[in-house]
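Here is the structure we will look at, set down as structure tokens.
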Number of protein chains: 2
Amino acid sequence: MSNQDPSRTRRRRGSTQPTLKEVAAAAGVSSITASRALNTPERVNEETRKRVLEAVDRVGYVPNLVAGSLASARSRFIAVIVPSLANAVFIEVIRGLQATFEAQGYQILLGNTDYDIEREHRLVRTFLGWSCSALVTAGLRHTPACRDLLEHCDKPVMEVMELGEALDLNVGLDHREAGRCMARHLLERGYRRTVYVGACLDKDYRAGLRFDGHREVMEADGREAPLIELDRLGSLEAGAAGLDRVREAYPDTEAIHFANDDLAAGALLHGFRLGLKVPDEIAIAGFNGLALGQHLTPRLTTIQSPRETMGRQAAEQILRRLDGKRVTRRQCNVGFELLVGEST
Amino acid sequence: MSNQDPSRTRRRRGSTQPTLKEVAAAAGVSSITASRALNTPERVNEETRKRVLEAVDRVGYVPNLVAGSLASARSRFIAVIVPSLANAVFIEVIRGLQATFEAQGYQILLGNTDYDIEREHRLVRTFLGWSCSALVTAGLRHTPACRDLLEHCDKPVMEVMELGEALDLNVGLDHREAGRCMARHLLERGYRRTVYVGACLDKDYRAGLRFDGHREVMEADGREAPLIELDRLGSLEAGAAGLDRVREAYPDTEAIHFANDDLAAGALLHGFRLGLKVPDEIAIAGFNGLALGQHLTPRLTTIQSPRETMGRQAAEQILRRLDGKRVTRRQCNVGFELLVGEST
DNA sequence: CGCTGTCATGTTAGCGCTAACATAGTTCTA
DNA sequence: TAGAACTATGTTAGCGCTAACATGACAGCG
């Protein structure tokens, strides 16, 4: 009990920022009224509200959202966890999420797992620690501990990209069916020998699902479904290498079904450099419906996946849930569309 | 004073999550010791630390980072504010930032201004409200109020993409010089009539700076520097439209200097569809050094900007500052490189 | 042996805000 | 005109954590 001296009282590193209390003092109200004027203005008299807002400007108040979040046990964060930022597909989903959430005053907390579900688990822990309002993850595969966390966190959990046994909310498309769809198209076009080319199918397992669908259709038609797996994730360069590898390993191939448009476009451009005639000498198909494919000559046959829409719909469902409305349809199939170009 | 009944005492929505106090109880220590075991393990006895970590696992503790942040007035957020997620350029900068920060346990708080500096201002307020550790913005242009906030917030502020009169830290490249560089290249190649094609130069003002450099060189050589401005931001489609507009407005044009690679690649692909010979009938140049340009035939002449490196270097400088080290060189020019393809 | 220094841990007091309850004034209703 | 219902504002008690200070045990030293 040594400090009777009030000037030597216990001091925290008081940030110099003005607090709500000071705003309240400046407006001549209590701090709860100032709080209400900012957060639930309809519960405060018009006149009072004006005085508070004036005071806010006068003292240069910036709300301490951390304190507000602790007191209310709510934040306005949405955790978004994707496996990669190198892939345009995830970016476009993020764009859809971001546009919808930011319009409602939510912020995106972005995490990147690098296709590692252990890192996903760590990110989920961190984001839960920030009391995020909801979590969005790309895909349905998680570590058991992570599933557990997500299941018991009592917040909306949205799994996007693919459909299946989801934890809670689910917006995506049926990748197996997309693979079947393209395989059928290739058969209809009369191609007899088709190779599927993917990249790192252990990581990009959705491309693996598409291959499963592809193989299913091919085998039902009595054909083989050879697979070539590249060791670098989708890129124009990898696609070029894929074309070379197919021509070497299966010289009589009539069509290549690429796991995505980056690979397919890379192959198309490489074929052009080689003077290869597409589709006469070899047909090429992709997946995603990136803009690039539609600007090539020949235009790329591909499957359009509605990525930004997927993000937007996911965000809307989450917002509905956060507004306390029950979400009836927890699973939402955004579908896809076969875009037939001249490359097949 | 009506509630003497202890069972009816004032209740907060106590989240069911275990708290540090429960961990401490389970480990038989005080909560501050548990806190130290997690945050500054070197200040706790080996034995005790082990007991605490065990207890953490046993009760399934997830630290409440909001509370920690309020108590310590520090968060591990880095605010990153970009004008668009539709542009690959910003994505790659974000990737560089993200990889570096996430490795050090910092999270990215992502904001998108949609090229609107008023929205930027609002985002800066929000992120400051979250006690972010540092802020990264794309570009040097802000509203006066926003400059003011950034200048007085007492946190590292990093402006990336371009160089100039920065508020604090600055990593980028000299866009005017890049414009000059390409203009000189076109002159050296002997093209006499060159048009610059940009998109929304009021928003993408860095493309405007490149045009300034371009015009400077052209005028110094006694040539005109006509400009065509498209009304949609960079895309393959806009580039195709740009080519058409140049051929209509300036039929004798020998070279087009596009503001970026998306436009240039769109024009190249469109020219190919039209049967136009590049560069004999018309030469095409871009800016950014996107992978696509190097896979086209002819390869696109462009300027390589080290985008991921920019993000990485920005992150490293901020981390150095956050570690308490003085940053000596507050401005860092990452430079650029002229990539000469066959399109000029 | 008393003094100082170091280590490990504990006590106390907030961080800045909002939920829950309280209160006073006003309007509506039977 | 009593009292119910509503409006506007205030008082109090935390949210879960950590900074600052306090304490006690023990080692080193002249």
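Proteins come first, then strands; the chains are lettered A, B, ... in the order of their sequence lines, and each starts at number 1.
Distance CG (A:L70) to P (D:dG14): 14 Å, rounded to an integer number of Å. When rounded to the nearest whole Å, the span between CZ of A:R49 and C1' of D:dT7 equals 14 Å. Remark: P of C:dT18 and CZ of A:R76 are 12 Å apart, rounded to the nearest angstrom. Remark: P of D:dA8 and NZ of A:K50 are 15 Å apart, rounded to the nearest angstrom. Per the geometry, CZ belonging to A:R43 stands 13 Å off P belonging to D:dC6, to the nearest Å. For the pair B:L20 CG and C:dC15 P, the interatomic distance rounds to 20 Å; values are reported in whole Å. In this entry the distance linking NZ of B:K21 with P of D:dG14 reads 10 Å, nearest Å. As rounded to whole Å, 8 Å separates atom C1' of D:dG16 from atom OH of B:Y61.
In this structure, the ring of B:F77 has its center less than 6.0 angstrom from the ring center of A:F77.
Among residues at least two apart or in separate chains, there is no side-chain hydrogen bond (donor to acceptor under 3.5 Å, both in side chains) pair with a member in residues 56-66 of chain B. For residues 130-139 of chain B, no pair satisfies side-chain hydrogen bond (donor to acceptor under 3.5 Å, both in side chains), with sequence neighbours left out. Listed by first then second residue, pairs satisfying side-chain hydrogen bond (donor to acceptor under 3.5 Å, both in side chains) with a partner in residues 145-158 of chain B number zero, not counting sequence neighbours.
Electrostatic pairing of A:R119 and B:E102 counts as a salt bridge here, judged by a charged N lying under 4.0 Å from a carboxylate O. Looking at A:R312 and A:E308, a side-chain N of the basic residue comes within less than 4.0 Å of a carboxylate O on the acidic one, giving a salt bridge. Taking 4.0 Å as the cut-off between side-chain N and carboxylate O, A:R49 and A:E46 count as a salt-bridged pair. Contact check on B:E54 versus B:R51 returns no salt bridge, with no Lys/Arg side-chain nitrogen under 4.0 Å from an Asp/Glu carboxylate oxygen.
Where B:T48 and A:A67 meet DNA chain C, the nucleotide closest to each residue was compared, and B:T48 sits on the side nearer the 5' end.
Nucleic acid contact class of B:R74 (heavy atoms, under 4.0 Å, all strands): sugar-phosphate only. Within 4.0 Å (heavy atoms only), A:V66 reaches no atom of the nucleic acid at all.
Against DNA chain C, the stretch residues 31-41 of chain A makes heavy-atom approaches under 4.0 Å through A:I32, A:S35, A:N39.
Partners of B:R321 by salt bridge (charged side-chain N to carboxylate O under 4.0 Å, His left out), not counting sequence neighbours, listed by chain and number: B:D168.
For the pair B:S72 and D:dT18, the criterion of a side-chain N or O lying under 4.0 Å from OP1 or OP2 is not met.
Within the helix from C:dC1-D:dG30 to C:dA30-D:dT1, the inter-axis angle between the opening and closing five-pair segments is 30°, rounded to 10°.
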